[in-house]
J.: 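Dropping the structure in here first, questions after.
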There are 2 protein chains.
Amino acid sequence: MKTNQKSTRVKDAYTAIKVAIRSNQIPAGFQATEAEFATRLGMSRTPVREALIRLEAEGLVEMIQRRGARVLPIRTEDMREIYDILMTLEPEAAANLAVRNISQAQLEPLAQATTEMESALAQDEPEIWAEADDRFHMMLLDMSDNRRLRNFVRSLHDQAHRARMITLRLRSDLTQSTREHREIMRHIIDGEADAVRALYRQHRARSSSEILRILDTYRLVPL
Amino acid sequence: MKTNQKSTRVKDAYTAIKVAIRSNQIPAGFQATEAEFATRLGMSRTPVREALIRLEAEGLVEMIQRRGARVLPIRTEDMREIYDILMTLEPEAAANLAVRNISQAQLEPLAQATTEMESALAQDEPEIWAEADDRFHMMLLDMSDNRRLRNFVRSLHDQAHRARMITLRLRSDLTQSTREHREIMRHIIDGEADAVRALYRQHRARSSSEILRILDTYRLVPL
DNA sequence: GCATTTTATAATGCATTCATTATACATTTG
DNA sequence: CAAATGTATAATGAATGCATTATAAAATGC
């Protein structure tokens with residue numbers, strides 16, 4: 001219990017708003033004054049303001065001159081930006097793992113996540129699949145010893161999250177995507193860095209183009 | 001004059017502190033309470049606090065529980081992190097330019113910067129060289145149409161800036177580095193994406209290992 | 001002397017207050 | 001009626017005040 005979690009209003013506000021955005025409880029495009037956010041959260045403007053500043057730095061919110069804060073929508077263009085970066089960074093991070101001689105045991109949490117993805121697919125539970133998928137990528141990233149890389153990629157995932165969830169049930173590549181996780185792990189264990197990089201990149205490229213295609217086709221997530 | 005620069009205290013504080021950190025007027029490791037920063041800047045704690053929050057998000061400053069804000073030092077480890085990321089992102093961005101069929105004219109500002117680097121070298125003015133070098137990389141990045149990429153790389157450059165300046169006069173690779181800029185530009189114009197990527201990566205790898213070597217050798221920028 | 005508790009100090013987290021100013025709306029003018 | 005001007009309102013930017021609490025210093029007990 002000594003988790004050192006001295007909850008502060010700023011943190012509460014930050015977390016509450018972030019969760020609400022992720023889950024679409026506060027929809028993209030929603031705009032409100034600082035005072036409104038504050039009232040809603042039952043605190044004064046000050047902590048809310050500071051939380052909003054952080055959320056703005058993370059690209060989830062935009063503060064507009066005299067009209068408060070606006071929950072940023074994710075457009076196709078944004079997703080393209082995000083995936084272009086992920087397609088570069090994540091494969092490289094994974095390839096580095098291959099070089100480091102990772103044991104199968106160390107990858108066990110990843111294998112676990114992948115297993116969950118498989119069973120989620122079997123039971124047609126895409127949300128659970130998505131959660132495990134995210135976990136896979138994040139755990140893999142956490143094994144990288146580059147804190148800046150971790151934080152940045154995490155922030156990109158956060159930004160992309162809503163769009164991913166919206167497109168989830170329209171995707172046809174989930175099975176393929178899951179299978180690739182196994183391949184990537186195998187090549188990491190075998191220390192084949194180039195193969196890991198290529199595979200991971202392909203993995204991201206596929207899901208990226210699938211998601212972008214869906215967004216474009218249905219013109220989803222506009223505002 | 002309609003530069004739309006409604007200066008606000010938060011912005012003033014942000015800029016002032018950032019500039020002071022970059023230029024080492026406030027040295028790495030310096031720590032002071034919010035109140036001290038506020039006094040020094042001639043304003044109240046509130047705007048300073050908000051500026052510090054932003055600077056913390058950019059990795060230039062760290063806010064510590066009950067002892068104010070501390071200017072983050074850059075350790076060898078940090079530089080390694082930063083350059084590992086740059087070595088991945090920048091070559092990719094440059095390679096994308098090659099694909100886009102850029103004309104020589106469009107690269108003129110880059111050529112200009114490189115010329116300045118050459119003359120700075122001839123006159124043994126490493127600081128001027130460094131400024132032009134930074135400009136080269138930033139302009140190249142600005143040609144990428146990925147705003148998130150731009151901002152992130154810019155923030156990494158900001159973080160690395162002090163360490164770069166400190167090692168500047170000890171580096172022996174400036175001439176080589178400058179020469180590589182010309183090569184990179186040539187390959188961009190020729191549309192040889194792979195060559196651009198490889199060259200740029202090598203370019204970063206070289207300067208990175210040079211800087212890291214110096215930092216390690218002289219144990220610079222410790223605190 | 002050394003460890004532990006008490007007290008004092010200082011710094012922050014947050015609420016409140018106030019002045020400034022952007023924006024919308026109403027009014028006037030051509 | 002359109003454009004311009006004036007005015008009211010609302011929202012923010014910033015200062016201030018205060019309660020809370022971490023840290024250091026002092027005092028106490030062993």
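Residue numbering restarts at 1 for every chain, and letters A, B, ... go by the order of the sequence lines.
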J.: Rounded to whole Å, please give me the gap between CG in A:Leu52 and P in D:dG13.
T.: 11 Å
J.: Could you give the CZ-to-C1' distance, from B:Arg70 to C:dA11, as a whole number of Å?
T.: 18 Å
J.: Can a side-chain donor-acceptor contact be found between A:Asp134 and A:His161 if the only test is distance below 3.5 angstrom?
T.: no
J.: Is the phosphate of D:dA10, meaning OP1 or OP2, less than 4.0 Å from a side-chain N or O of A:Arg67?
T.: no
J.: In this structure, how many angstroms lie between the P atom of D:dG13 and the OH atom of B:Tyr14, rounded?
T.: 17 Å
J.: Output yes when A:Arg54 and A:Glu58 qualify as a salt bridge under the 4.0 Å nitrogen-oxygen rule, no when they do not.
T.: no
J.: Rounded to whole angstroms, how far apart are CG on B:Asp12 and P on D:dA14?
T.: 8 Å
J.: Could you identify which residues of residues 33-45 of chain A place a heavy atom less than 4.0 Å from some atom of DNA chain C, listed by residue number, or say none?
T.: A:Met43, A:Ser44
J.: Should the ring pair B:Phe152 and A:Phe152 be called parallel, tilted or perpendicular, given that the plane angle runs from 0 to 90° and is split at 30 and 60?
T.: parallel
J.: Between B:Ile64 (CD1) and D:dT23 (P), how many Å, whole number?
T.: 11 Å
J.: Starting at atom CD1 of A:Ile53, determine the distance to atom C1' of D:dT12, rounded to an integer number of angstrom.
T.: 12 Å
J.: Taking NZ, NE, NH1 and NH2 as the nitrogens, is one of them in B:Glu131 or B:Arg135 under 4.0 Å from a carboxylate oxygen of the other?
T.: yes
J.: Give me the atom names and distance for the closest heavy-atom approach of A:Thr167 to A:Arg164.
T.: OG1-O, 3.0 Å
J.: Would you call A:Asp142-A:Arg154 a salt bridge at under 4.0 Å N-O?
T.: yes
J.: Within the modelled atom types, does a donor on one side and an acceptor on the other bring the side chain of B:Arg66 and the base of D:dA22 under 3.5 Å apart?
T.: no
J.: Expressed in angstrom and rounded to an integer, what is the separation of B:Glu50 atom CD from C:dC14 atom P?
T.: 13 Å
J.: Is there a side-chain contact between B:Thr46 and the phosphate of D:dG13, meaning an N or O under 4.0 Å from OP1 or OP2?
T.: no
J.: Do B:Asp78 and A:Arg148 sit within salt-bridge range, that is, some charged N less than 4.0 Å from a carboxylate O?
T.: yes
J.: Whether A:Arg49 contacts D:dG13 is assessed here as follows: a side-chain N or O lying under 4.0 Å from the phosphate OP1 or OP2. Is that the case?
T.: yes
J.: Send over the distance from A:Gln65 CD to C:dA24 P, rounded to a whole Å.
T.: 12 Å
